Amino acid sequence: MHWADVLADELLKENKKHILATGITPSGPIHIGNMREILTTDAVYRCLLSKGGDAELIYVADDFDHLRKVYPYLPNSYDKYVGMPISDIPCPCGNHKSYADHYLISFLNALKEIGVKPKIYRANEMYKSGNYNDAIQIALENTNKIKEIIQKISKRELPKDWIPFNVKCDKCGRITSTKATLYEYPFIEYICDCGNSGEVDIKNGGVGKLPWRVDWPARWKMLNVTFEPFGKDLGTVGGARDTGKEIVEKIYDYPAPKYAVYEFIMLKGMGAMHSSKGTALSAEELLNMTPPEVLRFLITNNQPDKHLVFDSGLGLLNLVDEYDKLERVYFEKEEAIKGMKDLKKTYELSQPYDIPKTFPFQLPYRHLVTLIQIGQEWNEVKKILLRTKQIPKDLTKDEENHLKQRTEHASYWLDKFAPDMVKFEVKKKVPKIDLTEEQVKFLSSFIKKLSSIDWEAENVHNAIYDSSQKDNIPIKTAFKSIYQIILGQEKGPRAGYFLSNLDKEFVIKRLKEAIK
RNA sequence: GGGCCUGUAGCUCAGCUAGGUAGAGCAUCUGGCUUUUAACCAGGUGGCCAAGGGUUCGAAUCCCUUCAGGCCCGCCA
């Protein structure tokens, strides 16, 4: 059984409405690992629905969380915002409502592309509108119990005057620098490091925030959460999950949600980029270079507790190939290989939107990577494909959109991540090269040969061999000459296919110019 | 110190949530092909499933122990 079905069955033992939650703090570019959280939850959600369960998928953005420090990608001037809720901080680019929105919006757009449609909650709105008020009051009334729970389970010593609430200073706006001096419902008196002191009324929303270890369980109760996965960093003994379970059950009188712990996604082949420079692969980049169904496949094909290595180099092409193979097996165009597990479910869960009813037209992704370097954009690529009869004339709109989308991903990948060995550029003019006598001889026969053939890959391929043999020129030299003249480099894609994808007249004209 | 994951062919891994003949890709070898962006086609070689014990008619698969590696936690969230 597929892992998502196993989790769904577990939930279905309780016959009630299930709220499946994901929560990510938009304090920086949304990370590749966060993709796993949302796709893991979505997979369970879909399984629940397909089994007839009543379920809702929600996403809580904790945008009331405070800025921890000035991250490397922020200007130094952000120093003054450290400690303030990220929804109160101005947007780094100036085009969004707040710092939080800046990162949140791009993530929400990404969700659309991978076909995840959760109900969105924003913590800052929940606090400000007063949704949290009851939870805050209950927490404050149970300060000692909560303190004991946290100290016992996390083995951490809390300050004597600790209360489960961080007041936001009404002068400097920070929630990290205040200290409560007196609580008498509904008022909290506080002093702040900035020199300010004052009093807040917790019946007014947004005057402060529950600390994380209390905020999380309070949210479970408030939103009736029944399932929420989290990364292995939170799953540790004595961590927020452990204290949260105790707090939600003892203080908020609500059963702790079921969960799954997921492993992190590592990056491969990026060398300096992720470790030394401290720049991680953002969800946005991940999505720009990976077709959405392939990204979903990466997650659904692996158990959550399995650590994944994402290879943004040539490995990405293999991943796409693997997905395409799964698709062929799903539609019975190919035999399944032994050990292919839950292939039907995996394929279905990999679809961002509707599951295709018939086998979608496939074009090898590697070939697309070559074509997009000849055609630059989809319309050009499409012309080539039609001319060379590599796609049928009656391609459906969906199939065309799918191919188009894939060329866009391939294109982004080529720009940002592809190794040089797969890159080339059809030069606008004849590159400056000194051709040997041998090469000129070969090219002359080759041009003649080309003029008389039908412009098809195999014919072109044969023409290369015929011409090189005729004058007894090494085949390596023949290939090299062609690549030099068209691409300005010594190697290139399989020559016959490659040339046949270019315009015949263009090729002949270019070759003639080169030997002039 | 604690937790999670991993250990299967030379390499990367699937198979473990159905206990029932050990699987793929790459590499290698053979044959074919007028070698071209990790070429293609057909076939072959290759494994004491980390080690030891247990459960079972039967274990890569379930349980226990040991060894080895990776990651996370032991600031804050």
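Since we're looking at a predicted model, the values are computed, not measured. We name chains A, B, ... by the order of the sequence lines, and we start the count at 1 in each one.
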Of B/C5, B/C76, B/U17, the nucleotide closest to the side chain of A/M1 is B/U17
For B/U35, does either OP1 or OP2 sit under 4.0 Å from a side-chain N or O belonging to A/Y465?
-> yes
With a 6.0 Å cut-off on ring centres, are A/F297 and A/Y347 close enough?
-> no
Over how many whole Å does the gap from A/K155 atom NZ to B/G74 atom P extend?
-> 14 Å
With RNA chain B as reference, determine whether A/V6 or A/H461 sits nearer its 5' end, using the nearest nucleotide of each.
-> A/V6
Tell me which nucleotide among B/G2, B/U17, B/C5 gets nearest to the side chain of A/T236.
-> B/G2
Verify the contact: side-chain N or O of A/R213 to OP1 or OP2 of B/C76, cut-off strictly under 4.0 Å; return yes or no.
-> no
Centroid-centroid under 6.0 Å between A/F479 and A/F498 rings = no
When we call it a touch if two heavy atoms are under 4.0 Å apart, what does A/I464 touch: a base, just sugar-phosphate, or nothing?
-> nothing
Side chain of A/K232 only, please: which of B/A38, B/G3, B/C5 is the nearest?
-> B/G3
Using a cut-off of strictly less than 4.0 Å, decide whether A/Y259 has a side-chain nitrogen or oxygen near OP1 or OP2 of B/C4.
-> no
Please work out if A/Q469 contacts a base, only the sugar-phosphate, or nothing of the nucleic acid, heavy-atom cut-off 4.0 Å.
-> base
Taking the six-membered ring for Trp, are A/Y78 and A/Y81 parallel (under 30°), tilted (30 to 60°) or perpendicular (over 60°)?
-> perpendicular
Pick base, sugar-phosphate or nothing for A/Q489, based on heavy-atom distances below 4.0 Å to the nucleic acid.
-> base
What is the distance from CZ of A/F264 to P of B/U6, rounded to the nearest Å?
-> 16 Å
Starting from P on B/C75, measure out to CG on A/D233 and report it in whole angstrom.
-> 15 Å
Any N/O donor-acceptor pair, A/R366 side-chain to B/A39 base, under 3.5 Å | no
With no angle test and no hydrogens, is the base of B/C5 tied to the side chain of A/K306 by a donor-acceptor pair under 3.5 Å?
-> no
Assign each of A/F424 and A/P211 to its nearest nucleotide of RNA chain B by heavy atoms, then name whichever residue's nucleotide is nearer the 5' end.
-> A/F424
Output field: ring centroids A/F230/A/Y262 closer than 6.0 Å | no
